[in-house]
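Report on the structure given below.
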Amino acid sequence: MINPSMTKRLEGRTAVITGGGSGIGYATVARLADEGATVVVVDTNTASGQRVADEVSGLFIQADVTDAAQVENMYKVAFDTYGRIDIAFNNAGISPPEDDSILSTTLETWERVQRVNLTSVFLCCKYVIPYMQRGGKGSIINTASFVASMGSATSQISYTASKGGVLAMSRELGVQFAREGIRVNALSPGPVNTPLLQELFAKDPERAARRLVHVPMGRFAQASEIAAAVAFLASDDSSFITASNFLVDGGISGAYVTPLHN
């Protein structure tokens, strides 16, 4: 929980968060609710999504964000329920272990990751922007990644390409809709200490060690730290920020040689 004396920057606003049932999405639901927003939680997992929505007295919508009709419907339900959509955090994504080197990754895996990580963001933006146009303003935050800006020898080729697509699309939308009061930014986290990452690295400690050595801060991010960045981008504190690549990566993308660990 944030400091209760903190200004509620999002009071009176409605936020729709995809992938809201766990990880970064869950942390962001809690943070935006703490800041005064009414939160709509979208997830494929009904049990966790409903639980998270109940925690913040919000609305849960079960939806597959790769399905155009379900995406269109989830925004309609959110708007019909609350009469406005001010914030969209498009955060649903996957990083399956079979997405690896280009030499071993199958076409089926490539296409599945692209659908979930990139096509879903296209659909979410496509169907939420008209509601924001009605209100004359809005903030869209799309989860990209620091790997959209950097190369890795421990490749997850479709994940990397999908996040590059999210970054480029966010930039274009941010430019296109800027004079309509709609801001669109890509949020690029470094490695985040979520169940997904823990599972991946528990199975492959060498892969974890190879990544951690490149983080100047010497640790992975906490989901709450990414949620704080989303809250900033959702608020009027970031009113002159659009079409940006907002890096929250512990210094990875700025580093050549990192400090020795204490």
Side-chain angles (χ1 to χ4, degrees), residues 8-20 24-25 28-29 31-43 53 56 58-61 63-93 117-144 165-188 226-246:
K8 289 188 176 290
R9 296 178 291 182
L10 306 178
E11 209 144 41
R13 301 185 193 185
T14 299
V16 180
I17 298 176
T18 67
I24 293 169
T28 303
V29 169
R31 178 62 187 253
L32 268 54
D34 274 343
E35 295 244 16
T38 299
V39 183
V40 178
V41 179
V42 179
D43 208 284
V56 297
L59 173 68
F60 170 66
I61 301 173
D64 175 356
V65 289
T66 67
D67 184 290
Q70 292 187 44
V71 173
E72 186 174 15
N73 179 68
M74 80 189 191
Y75 288 121
K76 182 180 186 303
V77 171
F79 186 83
D80 288 350
T81 303
Y82 296 115
R84 60 190 298 159
I85 301 174
D86 306 277
I87 302 155
F89 180 37
N90 300 320
N91 173 66
N117 290 6
L118 180 57
T119 303
S120 72
V121 176
F122 164 81
L123 292 172
C124 287
C125 291
K126 178 180 180 67
Y127 289 113
V128 79
I129 286 172
Y131 291 109
M132 293 181 171
Q133 287 175 315
R134 290 193 205 184
K137 68 180 297 189
S139 177
I140 298 173
I141 303 107
N142 297 324
T143 300
V166 169
L167 176 56
M169 179 166 57
S170 302
R171 183 171 54 235
E172 187 129 320
L173 296 176
V175 170
Q176 182 180 356
F177 294 99
R179 297 200 182 184
E180 296 184 53
I182 299 168
R183 299 184 297 108
V184 185
N185 291 290
L187 177 68
S188 289
I226 308 304
V230 178
F232 169 70
L233 291 172
S235 77
D236 291 341
D237 284 347
S238 60
S239 57
F240 201 58
I241 300 175
T242 196
S244 80
N245 180 18
F246 199 84

Would you say [X]'s side chain and [Y]'s backbone share a donor-acceptor pair under 3.5 angstrom?
| X | Y | result |
| --- | --- | --- |
| N142 | V121 | no |
| K8 | D34 | yes |
| S188 | N245 | no |
| T242 | V184 | yes |
| Q70 | D64 | yes |
| R183 | I241 | yes |
| N185 | S244 | yes |

[X] vs [Y] side-chain heavy atoms within contact, under 4.5 Å:
| X | Y | result |
| --- | --- | --- |
| T18 | M74 | yes |
| L10 | S235 | yes |
| I129 | I182 | yes |
| F60 | D43 | yes |
| I61 | K76 | no |
| Q133 | F177 | yes |
| M169 | L118 | yes |

(Q) For E172, I'd like to know if atom CD has over 12 heavy atoms of other residues, nucleotides or ligands within 6.0 Å. (A)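 No - once you tally the heavy atoms of other residues, nucleotides and ligands closer than 6.0 Å, there are 12 at most.
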
As an exercise, state the distance from [atom1] of [X] to [atom2] of [Y], rounded to the nearest 0.5 Å.
| X | Y | atom1 | atom2 | answer |
| --- | --- | --- | --- | --- |
| I141 | I226 | CD1 | CD1 | 13.0 Å |
| K137 | E180 | NZ | CD | 14.5 Å |
| M132 | R84 | CE | CZ | 10.5 Å |

Closest approach of [X] and [Y], non-hydrogen atoms and distance?
| X | Y | value |
| --- | --- | --- |
| C124 | N90 | CB-OD1, 3.2 Å |
| I17 | G25 | CG2-O, 4.0 Å |
| V71 | L123 | CG1-O, 3.6 Å |
| Y75 | I85 | O-CD1, 3.6 Å |
| A229 | L187 | CB-CD1, 3.9 Å |
| L233 | S238 | O-OG, 3.0 Å |

Q.
Looking only at the aromatic ring of each residue, does the gap between the centers of F79 and Y131 stay below 6.0 angstrom?
A.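 Yes: the rings meet the under 6.0 Å criterion.
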
Q | Pairing residues for A228 by the side-chain contact (heavy atoms from CB on, under 4.5 Å) criterion, not counting sequence neighbours | A |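 Here the qualifying residues are R31.
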
Q: Decide yes or no on side-chain hydrogen bond (donor to acceptor under 3.5 Å, both in side chains) for N91 and T143, but give the supporting numbers first.
A: CA-CA 5 Å; N91 173 66; T143 300; 3.0 Å; yes

Q: Just do the side chain to side chain contact (heavy atoms under 4.5 Å, CB included) check on V40 and Y82 with the steps written out, would you?
A: CA-CA 10 Å; V40 178; Y82 296 115; 3.7 Å; yes

